[in-house]
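All ligand and atom numbering here is 1-based and tracks the order in the structure. In this text the structure is predicted, and so the values were computed from the model without any measurement. Each residue takes its place number in the sequence, starting with 1.
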Amino acid sequence: MSENLYISVSASKSEKYETILPQIEALISGEPDLYANLANISAALKEAFGFFWVGFYLVKGDQLVLGPFQGPIACTRINPGKGVCGTAWVEKKTQLVPDVEVFPGHIACSAASKSEVVVPVFKGGEVVMVLDVDSDQLDDFDSVDQEYLEKLMGMLESTF
Ligand code: SME
């Protein structure tokens, strides 16, 4: 697999996802190391969409702990049910947040973050990590992001 990502700058959001998902799949399917794959997924999403922050929090004991990411430094530990990530973990479902200011208990790692989508990753029916994507624009994520990011996390699940 080549280590270049091909993205059309003029493509629509769904076309970009359609273009990069198979490339990410090819990138991670030949690599058994989870952290290497999480790092490359974060980098690919950042490169394709220019997200403000994109990365993973992994379930370790009774907390989520910061994993590979792209963007400004972030909080390292999140308790169950806390913030958007902790809510996605305990509710076992994607959280689409158009305005973080009105999400109860949102954890502001950065004041620049305005909207957010968090997708849980499952193993054996349990959440083992979450993908967190933040934007510095309000209402920057929709059902297209949700659909493709859930699909991407489904691909990831089959690699570990
Ligand atoms: N805002 C998240 C915390 C993680 S940072 O945004 C990177 C939350 O409320 O869970």
Side-chain angles (χ1 to χ4, degrees), residues 5 7 13-14 16-17 20-21 23-24 27-28 31 33-157 159-160:
L5 198 63
I7 316 149
K13 182 160 70 176
S14 51
K16 279 190 186 174
Y17 278 117
I20 65 156
L21 256 56
Q23 296 181 69
I24 296 176
L27 194 59
I28 66 178
E31 174 51 65
D33 189 88
L34 177 64
Y35 266 68
N37 288 335
L38 300 184
N40 263 341
I41 291 171
S42 304
L45 291 174
K46 174 86 171 167
E47 188 179 337
F49 297 102
F51 293 133
F52 175 72
W53 196 94
V54 51
F56 292 88
Y57 282 90
L58 291 93
V59 176
K60 294 193 176 176
D62 60 358
Q63 288 185 310
L64 289 171
V65 181
L66 183 64
F69 70 96
Q70 294 272 316
I73 59 166
C75 26
T76 54
R77 289 175 185 270
I78 297 174
N79 287 321
K82 298 296 175 194
V84 186
C85 293
T87 302
W89 177 18
V90 300
E91 291 189 2
K92 298 184 172 185
K93 62 175 199 210
T94 296
Q95 307 292 309
L96 203 52
V97 182
D99 182 354
V100 296
E101 292 292 328
V102 295
F103 187 93
H106 167 254
I107 301 163
C109 291
S110 164
S113 179
K114 300 279 189 275
S115 58
E116 184 163 353
V117 56
V118 178
V119 180
V121 182
F122 296 90
K123 198 74 194 173
E126 292 304 314
V127 176
V128 291
M129 68 188 92
V130 299
L131 168 71
D132 181 11
V133 188
D134 290 17
S135 172
D136 56 4
Q137 308 292 315
L138 278 170
D139 202 13
D140 212 14
F141 303 105
D142 57 23
S143 57
V144 172
D145 299 284
Q146 178 167 353
E147 179 193 336
Y148 285 103
L149 293 174
E150 286 178 350
K151 207 167 158 184
L152 179 58
M153 292 305 101
M155 285 176 190
L156 173 64
E157 277 159 37
T159 67
F160 65 90

The single option from V59, L156, L64 passing side chain to side chain contact (heavy atoms under 4.5 Å, CB included) against M129: L156

Region of C109 that comes within reach of ligand 1 [heavy atoms, distance under 4.0 Å]: side chain

Counting from 1, what ligand 1 atoms have a heavy atom of G83 closer than 4.0 Å? 9 (O), 10 (O)

Considering only non-hydrogen protein atoms, determine which one is nearest to atom 2 (C) of ligand 1 and report residue, atom name and distance to 0.1 Å. E116 OE2, 3.1 Å

Does V118 approach ligand 1 within less than 4.0 angstrom via side chain, backbone, both or neither, non-hydrogen atoms only? neither

With heavy-atom distances below 4.0 Å as the criterion, list the atoms of ligand 1 near C85. 8 (C), 10 (O)

Can you see which heavy atom on A74 is nearest to which on Y57, and at what distance? CB-OH, 3.7 Å

Is a salt bridge present between K114 and E101, judged by a nitrogen-to-oxygen distance below 4.0 Å? no

Classify the contact between W53 and ligand 1 as side chain, backbone, both or neither, using a heavy-atom distance cut-off of under 4.0 Å. side chain

Shortest non-hydrogen pair, Q95 vs F103, comes out as OE1-CE1, 3.9 Å

Do the two ring centres, one from F141 and one from F51, sit under 6.0 Å apart? yes

Do the side chains of L131 and L38 get nearer than 4.5 Å, heavy atoms only? no

Mind checking whether F69 has a heavy atom under 4.0 Å from ligand 1? no

Quick look: D134 vs ligand 1, heavy-atom contacts under 4.0 Å, and the answer is side chain

Check: V84 N/O within less than 3.5 Å of ligand 1 N/O: yes

At what distance is the nearest protein heavy atom to atom 3 (C) of ligand 1, and which residue and atom is it? I107 O, 3.6 Å

Close N or O approach (H106, ligand 1; < 3.5 Å): yes

List the atom of K92, the atom of G125, and the distance in Å for their closest heavy-atom pair. NZ-O, 3.2 Å

Could you report the tightest heavy-atom contact between S135 and D140, atom names first, then the distance? OG-OD2, 2.6 Å

Run the numbers for me: atoms of ligand 1, each under 4.0 Å from some heavy atom of D132, listed by number. 2 (C), 4 (C), 5 (S), 6 (O), 7 (C)

